[in-house]
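Notes to accompany the following structure.
Heavy atoms only: backbone and side chains are in, while hydrogens, waters and symmetry mates are out. Chain naming here is simple, since letters A, B, ... match the order of the sequence lines and numbering starts at 1 in each. Worth saying up front: this structure is predicted, and the values here are computed from it rather than measured.
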2 protein chains.
Amino acid sequence: MTGTERRVAGFEGQLREAGLRMTQQRRLILRVLAEADDHPDAKGIFTRAFAHDPTLSLSTVYRTMKVLETQGAIERHAFEDGVSRYEHADQEHHDHLIDIDSGEVIEFSSDAIEELQRRIAAELGYELVRHRLELYGRKKPPGTRGKKG
Amino acid sequence: MTGTERRVAGFEGQLREAGLRMTQQRRLILRVLAEADDHPDAKGIFTRAFAHDPTLSLSTVYRTMKVLETQGAIERHAFEDGVSRYEHADQEHHDHLIDIDSGEVIEFSSDAIEELQRRIAAELGYELVRHRLELYGRKKPPGTRGKKG
DNA sequence: CACGTTATTGCAAATCACTTGCAGCTGTCA
DNA sequence: TGACAGCTGCAAGTGATTTGCAATAACGTG
Ligand SMILES: [Mn+2]
Ligand SMILES: [Mn+2]
Ligand SMILES: [Zn+2]
Ligand SMILES: [Zn+2]
């Protein structure tokens, strides 16, 4: 919890520098995101936050997500279903594997693939700015797990 | 052109097997896609097709794209801008690099990255079914091109 | 080739996620 | 505490895509 509080405090300073205000709503939404361990969409965030403040509106969630994203406090993802899903940016870069049967989102990170993407872009004459990598897979029966393809 | 015609004919058989019909509209849209060398969205396809048949409607394009996708005749992509973009599936697998300044979409394919993705999924206990890989980059000044990162 | 069945189409209306105008509310800072 | 500008809730607006419906066109059959 202390971590969450620290992040909220730090973010408040960031906002102030941008001439923006730390409102109750932003504080609440930020807390919901800091406590989330999944990738909720606007409606999901709204539902969780609404439980703490029944006067909150969905438009405020949308507007806040935009502010948070601009400030670099969160990341937005758009998986196959199309809707925007968010997660706190206070973690190192990673990509996602989506279980096509359950919809579960699994995080992973691979230096090798990051490097490979950079190299591919470079070979095409580009500097890689960002990327989107999503794997869609199906759980293998147990015992099939291993590194040989 | 013969290639296009052959594909359309082959696709007609495919449709028939599914109890579907090869209509003028589908034939036209399929031709537009076969002749496209970019990644047009529904409206773009509509515009091109409309030039050949001014009675065509946009909803038919949308419905047709769904049929074509289900039949595996085309692929649908949703890059960052959100709208669905399509391309003929009659080509080998590749991924895309988007120039963030011009919006230009560049195709590339890399066995190494395909293999790496498969391995990552496997290590997480998953069989990779499909994936989405998009690189967003900025053109490097000429002379900077090379394979050493 | 004409016919009947049923998939398909054009059009308008409906969805859906997200955005925005507006009037009242609330941080901030002096 | 007071003024000012940023924020918020609410309702209406967007833009892409979908869908209900009646008219139309495919396609197998006779
Ligand atoms: Mn994540
Ligand atoms: Mn392509
Ligand atoms: Zn990555
Ligand atoms: Zn690929």
* To do: Please confirm whether the backbone N or O of B:Phe79 pairs with a side-chain atom of B:His77, one donor and one acceptor, at under 3.5 Å?
  => no
Side-chain contact check for A:Val83: nearest option of C:dT8, D:dG28, C:dA17 is C:dA17
side-chain N/O B:Gln24 vs D:dT24 OP1/OP2, d < 4.0 Å
no
> Taking only N and O in the side chain of B:Ser59, is any of them less than 4.0 Å away from OP1 or OP2 of C:dA12?
Replying inline: no
| field | Contact under 4.0 Å: A:Thr23 side-chain N or O vs D:dT8 OP1/OP2 | value | yes
D:dT18 OP1/OP2 closer than 4.0 Å to side-chain N/O of B:Tyr62:
no
One should read off an interatomic distance between A:Ser84 OG and A:Met65 CE, to the nearest 0.5 angstrom, of 9.0 Å
Which of C:dC11, C:dA7, D:dC10 is nearest the side chain of A:Ser57? It is D:dC10
Considering only heavy side-chain atoms of B:Arg21, the closest of C:dG21, D:dT19, C:dA7 is C:dA7
query = Under the 3.5 angstrom rule, does the side chain of A:Tyr136 hit a backbone N or O of A:Glu80 as a donor-acceptor pair?
reply = yes
Side-chain atoms of A:Arg26 come closest, of C:dT8, D:dC7, D:dG28, to D:dC7
With a 4.5 Å limit on heavy-atom distance, are the side chains of A:Ile98 and A:Ile106 in contact? no
Considering only heavy side-chain atoms of A:Lys66, the closest of C:dT20, D:dA26, D:dT8 is C:dT20
Whole-Å distance, A:Arg27 CZ to C:dT26 C1', equals 12 Å
With five pairs defining each end axis, the helix from C:dC1-D:dG30 to C:dA30-D:dT1 comes out bent, to 10°, by 30°
Taken to the nearest whole Å, CG/A:Asp41 to P/C:dC16 is 14 Å
